[in-house]
Amino acid sequence: MKSFTQHKGIVGPMDRANVDTDMIIPKQFLKSIQRSGFGPNLFDELRYLDQGEPGQDCRARPVNPEFPLNQARYNDASILLAQKNFGCGSSREHAPWALEDYGFKAIIASSYADIFYNNCFKNGLLPVILTEPEIDVLFNALYEQEGFTLDIDLGAQTVTSDDGVVFQFELDQFRKECLLNGLDEIGLTMLKADRIKSYEQDRAEQHPWVFGAIK
Amino acid sequence: MVSKTLYDKLWDSHLVDENEDGSSLIYIDRHILHEVTSPQAFEGLRLAGRTPWRLDTNIATPDHNISTDRSEREAGVAGIPDQVSRIQVQTLDDNCDHFGIKEFKMNEMGQGIVHVMGPELGATMPGMTVVCGDSHTATHGALGCLAHGIGTSEVEHVLATQCLVSKKMKNMRVTVDGELGPGVTPKDVILAIIGKIGTAGGNQHAIEFAGSVFRKMSIEGRMTVCNMAIEAGARVGMVAVDQRTIDYCEGRQFVPKGQLWDQASEYWRTLVSDEDAVFDTDVSLDALEIIPQVTWGTSPEMVAPVTANVPHPENQPSSDLRKGAQQALDYMGLVAGMPITSIGVDRVFIGSCTNSRIEDMREAARVAKGRMVARSVKQVLVVPGSQMVKAQAESEGLDKIFKAAGMEWREPGCSMCLAMNADKLGNGEHCASTSNRNFEGRQGSGGRTHLMSPAMAAAAAVAGHIVDVRPWLLEGSVTEVSQ
């Protein structure tokens, strides 16, 4: 698994609440059996003026000048500043894959949908949670100041602006450790194989119908 | 003894290990796979040289990406015209064959939308943990399961270890007591709940739906309700086990028989929240106040009674809600203050994991019977949720009712709910849809979705605009239908 320790980068805006995973990566791109290559189609319907289809050369497509991330000042954005309940809707991991493939290393929002939040950690993408007033402060700074950057330190659980303002954030220790060290979660669970087997033995005695029905 | 909620009981009985950091290892009893979220998981398994932990837990079927057109389906997987789709469906078949996973292939009896076929085959049973790479997995909670959607990395994790690293959620109870009025369906109940608590209202919670309305509701209806728990932000929706649950399970393909059945059903009866169990969050609605619901915006929480007008954004309580409502109205091409019933529909979709079970087909057919689709409506798709629902509906002659009304009777699949196949809306088209999400572009780029019940969708198809179906359902009433 990819790790995340610290990242400093330009911040780009996604200034609306309840951004859903259909918006992040529309369904026609889910036909791919690959994990990569979704970046050019991130926010496809908002980002381009034509209808996106798999396999297009996106560099030749007409871009929507109204969409903030298309503005030159956000070209190198690697931190996405968003509003509440980001990533609601479907469980598609293609959403974090697309954000990561586009070049985002972290997202900052006041809340996330549960499945999306979980999926981010599996892909080295850090979803930072700050309070709504803090998010408002950051949006104001972002709009005022071209090239607005933030420095995110996962170990210290801080987001720091160029003028030295520090925002503290919380997250689960297990997720933090996995992300800091790029740990293979499957490998970690497999270290507990004996426990899993002993659970299965007990369970098979209590609830035998759970085993063996599907052949 | 400490009182427990249903969720507490299900969690405790699947706990393999607890870590000091607050995370837990949870055992997974049933894993359902489909073509869209599994290929990268199988690939990861292969690259790491791993094999599935258990085979008799997995069950697979293609549903999201397949055609619902009969002639295209008859051409088989090799005949899928879109090459990218064909490769994806073929990859599921190949992976299941390679690893020895039970799959109901595209045209086999048993195939269907994952959340329709699992319960109907008895692959989902009360007391199980059920996961699938699809957020509507909450559906299975209608049988008293702990069921939720997972991402592709977790699909791989479950395949490899039969477990998930998880953190216990909070308990929420949504109680609906009283009698539902005639023509008010499970879909209206869940839309009303989402309207009340909002699309993030259930975040970090497992919801138990309680109260007399759910006790009297069929299992199919409970599935419709639990299905949309995720639209209220909750990964998990559940209804406690009762006699209806036991009756529903009995005799299904993978459900135990004989002595094992007696043992299983005795245990299943314990899967209810203890009387004095404590919930972190409690919400209640009065059944009498629920009338048929229709969404007017681009989030399931943007919902109103069919008798209402499209709301004014300035009446929303906060600035971001006002902004969101105005954005939604602009996208939907609607004007605040116009009656919901004045919204015309271009296409109608009756199907999806929310509303494609036999009861839904019957409900829609009851409205369609002896009536015709309005001339202004371009297409009405009726898509049964599974091969078994299709066969049952055809044995009852429902397909003939739909066809006589000018509707299309299709092959089972997810279809226009997410428009991964050819079933989609054109730019700017309004759709009366029984599916679960009205997000921008969900049913096709620029498409405008209005979520509602199967009866309401069938009535909209006939009227050509959104209409209150309740007078149509009053027995013996003569309905004048404007065309």
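Note that the coordinates shown come from a computational prediction; the quantities given were computed from them, not determined experimentally.
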To the nearest 0.5 Å, what is the distance between [atom1] ([X]) and [atom2] ([Y])?
X	Y	atom1	atom2	answer
A/Asp20	B/Arg442	CG	CZ	8.5 Å
A/Phe174	B/Glu20	CZ	CD	13.5 Å
A/Lys192	B/Leu25	NZ	CG	5.5 Å
A/Glu200	B/Arg54	CD	CZ	6.0 Å
A/Ser90	B/His64	OG	NE2	7.5 Å
A/Thr189	B/His157	OG1	NE2	3.0 Å

Nearest heavy atoms of [X] and [Y], plus distance in Å:
X	Y	value
A/Glu205	B/Gln263	O-NE2, 4.3 Å
A/Phe211	B/Asp56	C-OD2, 3.6 Å
B/Arg50	A/Asp184	NH2-OD2, 3.0 Å
A/Asn119	B/Gly151	OD1-CA, 3.2 Å
B/Ser135	A/Ser91	N-OG, 3.4 Å
A/Glu93	B/Thr152	OE1-N, 2.8 Å

I'd like to verify something: which residue of [options] has the highest number of heavy-atom pairs under 4.5 Å with chain A?
options	answer
B/Glu154, B/Gln162, B/Met169, B/His136	B/Glu154
B/Ile230, B/Asp134, B/Thr37	B/Asp134
B/Ser445, B/Ala200, B/Ser85, B/Pro39	B/Ser445
B/Val255, B/Asn421, B/Leu121, B/Thr199	B/Thr199
B/Val89, B/Ile59, B/Asp320	B/Asp320
B/Phe42, B/Trp53, B/Trp261, B/Phe254	B/Trp53

Are more than 12 heavy atoms, taken from residues, nucleotides or ligands other than [X], located less than 6.0 Å from that residue's [atom1] atom?
X	atom1	value
A/Gln168	CD	yes
B/Gln83	CD	no
A/Lys105	NZ	no

Quiz item: Is any side-chain heavy atom of A/Asp172 less than 4.5 Å from a side-chain heavy atom of B/Lys167?
Solution: yes
Quiz item: If we only count heavy atoms from C-beta on, is the B/Arg30 to A/Ile214 side-chain gap below 4.5 Å?
Solution: yes
For [X], is it the side chain, the backbone, both, or neither that has a heavy atom closer than 4.5 Å to a heavy atom of chain B?
X	result
A/Lys84	side chain
A/Ala193	both
A/Arg175	neither
A/Tyr117	neither
A/Lys215	backbone
A/Glu177	neither

Exercise. Tabulate, in ascending numerical order, the residues of residues 41-58 of chain A having at least one heavy atom closer than 4.5 Å to a heavy atom of chain B, or enter 'none'.
Key: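 So far as heavy atoms go, A/Glu45, A/Leu46, A/Gln51 are the residues that approach chain B to under 4.5 Å.
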Under 3.5 Å: donor-acceptor pair, side chain of [X], backbone of [Y]:
X	Y	result
B/Arg437	A/Gly89	yes
A/Lys31	B/Asp82	no
B/Asp29	A/Val210	no

If you tally heavy-atom pairs under 4.5 Å against chain B, which of [options] wins?
options	result
A/Pro96, A/Ala113, A/Ser111, A/Ser32	A/Ser32
A/Lys176, A/Arg203, A/Lys122, A/Met23	A/Arg203
A/Trp97, A/Tyr199, A/Phe29	A/Tyr199
A/Gln206, A/Gln173, A/Gln28, A/Glu185	A/Glu185
A/Arg92, A/Gln34, A/Met190	A/Gln34
A/Gly187, A/Pro26, A/Pro208	A/Pro208

Practice problem: Apply side-chain contact (heavy atoms from CB on, under 4.5 Å) to the pair B/Glu440 and A/Asp22, showing each step before the final yes or no. | Solution: CA-CA 8 Å; B/Glu440 288 184 20; A/Asp22 279 80; over 6 Å; no
Quiz item: Between B/Tyr267 and A/Trp209, is a side-chain contact (heavy atoms from CB on, under 4.5 Å) present by the stated rule, with each step listed?
Solution: CA-CA 11 Å; B/Tyr267 166 64; A/Trp209 60 87; 3.7 Å; yes
Quiz item: Looking at A/Arg195 and B/Glu18, does any basic side-chain N land under 4.0 Å from a carboxylate oxygen?
Solution: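 Judged by the 4.0 Å cut-off on N to carboxylate O distance, A/Arg195 and B/Glu18 do not form a salt bridge.
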Quiz prompt | Engaged part of B/Glu43 at the chain A interface, taking heavy atoms whose separation is under 4.5 Å | solution = neither
Self-check item: Residues B/Asn203, A/Asp114; criterion side-chain contact (heavy atoms from CB on, under 4.5 Å); working and verdict
Solution: CA-CA 6 Å; B/Asn203 279 6; A/Asp114 294 349; 4.2 Å; yes
